[in-house]
Structure formats: structure tokens, C-alpha cells
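Following: one structure in C-alpha cells, then a few remarks.
In this text the structure is predicted, and so the values were computed from the model without any measurement. The residues of the chain are indexed from 1 along the displayed sequence. What you see below is based on every heavy atom in this structure, not just the backbone, and it leaves out hydrogens, waters and symmetry mates.
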Amino acid sequence: MDPRTLTPAFRALRLCLHLLMAGLLVLAAVRAHSPAGTALAVVTGAVYAAGSLIPAVGRSQRAAACWLAVLGLAWLALLCATPEALWLAFPLYFLQLHLLPVRWSLPAVALTAGAAILSYVGHGAALNPGVFIGPLLGGAVAVATVLGYQALYRESERRRRLIEELIATRAELAAAERHAGTLAERERLAREIHDTLAQGLSSIQLLLRAAERALPAGSPAAGHIDRARQAAQDNLAEARRFVRALTPPDLEHGSLAAALERLCEPGAGPRARFSVSGTPVELPTPYEVALLRIAQSALGNTVRHAGAGRAEITLSFMDDAVALDVVDDGRGFDPEAVRPAADGEGFGLPAMRSRAESLGGTFTVESAPGQGTAVAVTLPLPAGGAA
């Protein structure tokens with residue numbers, strides 16, 4: 001394993017394993033009482049050190065299996081030379097469990113414990129329960145320790161990834177909220193300019209026209225009134241340019257009809273179709289913003305909740321009103337049973353109703369379980385056309 005990827009706790013465990021292996025090899029070499037035993041202990045130590053220094057052992061299961069096989073053969077030879085080598089089985093358990101997959105590591109641990117037991121018996125030691133319990137208990141402790149640590153590590157990694165996802169999601173939500181706040185403020189400013197400055201300047205123009213008609217012919221005030229009316233007209237045009245500049249991005253490069261048609265472009269939701277009825281007229285910016293937002297919200301509900309296969313958006317221009325209808329063939333619902341929830345669900349319909357009623361319009365929802373949904377909003381056209 002690449003040392004750079006190890007946690008501090010795992011580095012400490014690895015160091016303890018190295019020290020344990022070195023100490024047991026020294027014990028086996030000292031207690032061997034023969035040059036062959038000492039040499040085999042040195043060879044086993046060299047094989048173990050080589051595995052710690054070869055990067056491929058930590059990266060490839062095939063390389064790890066080959067190294068463990070060579071180390072196991074060296075250990076078996078040392079077992080034949082001295083019974084003290086059986087204590088090396090304990091660190092070998094940890095190596096096998098760490099470097100091999102479970103389907104290989106558990107049989108390897110069992111074979112290592114069996115070899116330790118046979119070696120102890122083969123060297124003529126008296127049979128007693130401890131001969132069998134010791135290696136088997138050591139293997140069980142190693143299995144429980146390693147598998148438990150791996151489970152904790154996986155849980156820690158899962159939580160780390162979850163925290164990273166939450167942090168990323170929080171950043172995305174913050175950006176989305178800032179963007180939504182910017183759009184809302186732009187809409188508010190456009191509405192305020194339209195409802196105050198633009199309407200006020202339009203009223204001033206009408207009053208100046210009336211005053212101009214009421215003046216006697218040749219009155220010296222006529223020129224001043226004409227210039228005042230022209231200034232009001234210029235400022236009204238400027239106010240309208242401000243309103244257009246503050247409209248939502250969907251309306252910046254086209255009409256309301258074009259923006260609604262873009263909503264029906266193929267996507268992840270149902271097949272949607274847009275149509276226009278009547279003779280289109282220029283609408284006030286607040287009307288266009290409200291109708292676009294209501295259509296977006298209604299179509300969003302269709303995608304999220306209705307399970308619909310088709311949806312239709314119709315924009316209708318009448319003599320004294322403009323109407324928007326969004327109809328789908330989804331599963332439907334009981335409008336009377338919809339209540340805003342704590343998680344934010346259920347606020348779409350009240351928000352759409354509020355938008356329509358703030359402009360003096362009406363908002364209706366017709367739906368029933370299994371019968372689709374129809375959302376209709378009607379806004380009265382202002383007298384004299386769009387201002």
C-alpha cells in the first residue's frame with residue numbers, strides 16, 4: 001500500500017506489525033540453536049522486508065499473493081528448523097487478511113494456523129488443548145480485528161463522501177439561492193419601475209396633452225407644455241428600457257410566446273406542446289414575468305409529480321384579458337387536499353395564485369385522481385394597452 005494513502009492510525013498499526021515481526025524473528029533466530037535456523041530467520045526477514053519495499057505488493061493482489069506465497073514458504077522452512085517460528089503465524093494472519101480478498105484470506109489464515117499446530121506437534125511437544133486453541137484463537141482475533149477495522153474504514157469513507165457531497169450541495173444551493181434572489185430583485189425593481197415611474201410618466205403625458213388642447217391658440221405656454229410633454233415621453237421610453245433590462249433572462253431575447261415555446265423543448269419530462277390563440281398584443285413586463293413563472297412552476301409540477309405522458313401550454317389573447325392554460329394527462333390529485341409541507345412541497349400552487357391575484361387576475365386548478373390536471377390563469381389587459 002502506498003504510505004501516502006495511510007491514515008495515522010493505520011501507520012501506527014503498520015509500525016507495530018513491523019516491530020512484532022522483527023521481534024519474533026529475532027526470538028526464532030536466538031532460540032534456533034543452529035546456524036541453519038538462524039539463516040532461515042534472516043531469509044524470512046529479508047523476504048518480509050522486500051515485500052514492504054516493493055510498491056507492487058500494495059497495489060496488486062497478484063503481486064501480494066506471490067509475495068505472501070514466498071514468505072509462507074520461508075516461514076515453513078523456519079518452522080522445520082525451530083518450533084519458536086510458530087509465533088510468526090500471528091503477524092502472518094494480519095498480512096493475509098489485509099492483502100488478500102476475503103475469499104482467499106480466510107482459507108490462508110486457516111492453513112497458517114494448521115501449519116503452526118502441525119509444527120508444534122512435529123517437534124515432539126506434548127499434546128494439550130493449548131496447542132490447538134492458541135493458533136486458532138489467534139487467527140480468530142486477527143480475523144475479527146481486521147474485518148472490524150475494514151468495516152469501520154468503509155463506514156468512515158462513506159461518511160467522508162457524504163460530507164463532501166453535502167458541502168458541494170450546500171455550495172450549489174447557496175449559488176442557486178443567490179441567483180434566485182438576484183432574479184427576484186430584478187423582477188421587483190422592474191415591477192416597481194413599471195408601476196410607479198412608467199405609469200406616472202404616462203399619466204403626466206396624458207395630462208399635458210389635455211392641458212395643451214385646453215390652451216388658447218397662440219398661448220406662450222404652449223411651447224413649454226410641448227417641451228415638458230416631450231421630456232416626459234423621453235423619460236417614459238427610458239423607464240421602459242430599464243424595465244426590459246431587468247426582465248428575466250428567458251424574456252431578454254424574445255417574446256413571452258418564444259419563452260413559453262422553449263419550455264416545451266424535448267427534455268426529461270413529458271412531451272409538451274405550445275400554442276397561441278387569438279391576436280398577440282404587447283403585454284406589460286409584470287404580466288409576462290408572472291405568466292412565464294406560472295408556466296414554469298406548473299410544468300415543473302407536471303414533471304415532478306404528475307407522471308404525465310403529454311402536456312399542453314396555451315397562451316390565449318382575448319379582447320380584454322390574456323389567459324394561460326397548462327394541461328397534462330398525469331395521475332391528477334385532489335386540489336383541496338394540498339397543504340404546504342415543512343420540506344417546501346406544496347407551496348407551488350399558493351405562489352402561482354398569489355402572482356395572478358397580485359395583478360388582479362384569477363387562478364384556478366382543475367384536477368382529480370387519475371384524471372390529469374388543468375391550471376388556468378387569466379389576467380385583465382390594462383386599459384390603453386401595455387405601458
Run the side-chain contact (heavy atoms from CB on, under 4.5 Å) test against [X] and tell me which residues pass, sequence neighbours left out.
X: Glu357; value: Arg353
X: Glu165; value: Leu162
X: Ser60; value: Arg62, Ala63
X: Leu19; value: Leu15

- Modelled atom types, side-chain donor and acceptor of Arg293 and Gln296, under 3.5 Å: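 Arg293 vs Gln296: donor-acceptor pair found between side chains.
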
May I have the list of side-chain donor-acceptor pairs in residues 363-371 shorter than 3.5 Å, sequence neighbours left out?
residue	atom	partner	partner atom	Å
Ser367	OG	Phe333	N	3.0
Ser367	OG	Phe333	O	3.2
Ser367	OG	Gly372	O	2.8
Ser367	OG	Thr373	OG1	3.0

- Item | Glu157/Arg154 salt bridge by N-O under 4.0 Å criterion | no

- List for me each residue that meets ring pair (Phe, Tyr, Trp, His ring centres under 6.0 Å) alongside Phe94, sequence neighbours excluded, and say none if there are none.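 In terms of ring pair (Phe, Tyr, Trp, His ring centres under 6.0 Å), with neighbours along the sequence ignored, Phe94 is linked to Phe90.
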
Name all residues meeting the side chain to side chain donor-acceptor pair (under 3.5 Å) criterion together with [X]; count only those two or more places apart in sequence or in a different chain, and write none if there are none.
X: Thr112; value: Gln96
X: Glu164; value: Arg160
X: Tyr93; value: none
X: Arg209; value: none

- Does any pair with a residue in residues 312-330 pass salt bridge (Lys or Arg N to Asp or Glu O under 4.0 Å), and if so which ones, sequence neighbours excluded? Arg273-Glu312

- Message: Whether the side chain of Asp226 engages the backbone of Ala222 through a donor-acceptor N/O pair (distance < 3.5 Å, no angle test) should be reported.
- Response: no

- Are any side-chain N or O atoms of Thr44 and backbone N or O atoms of Leu40, one a donor and one an acceptor, separated by less than 3.5 Å? yes

- Query: Should Phe317 and Thr279 count as side-chain neighbours, where that means a heavy-atom distance under 4.5 Å?
  - Reply: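 Heavy-atom side-chain distance check fails, nothing below 4.5 Å.
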
- Query: Run the side chain to side chain contact (heavy atoms under 4.5 Å, CB included) check on Ile204 and Asn235 step by step: do they pass?
  - Reply: CA-CA 11 Å; Ile204 291 173; Asn235 282 273; over 6 Å; no

- Message: If hydrophobic residues (ILVMFWY) are linked whenever their side-chain heavy atoms come closer than 4.5 Å, directly or via other members, who joins Val327 in its cluster?
- Response: none

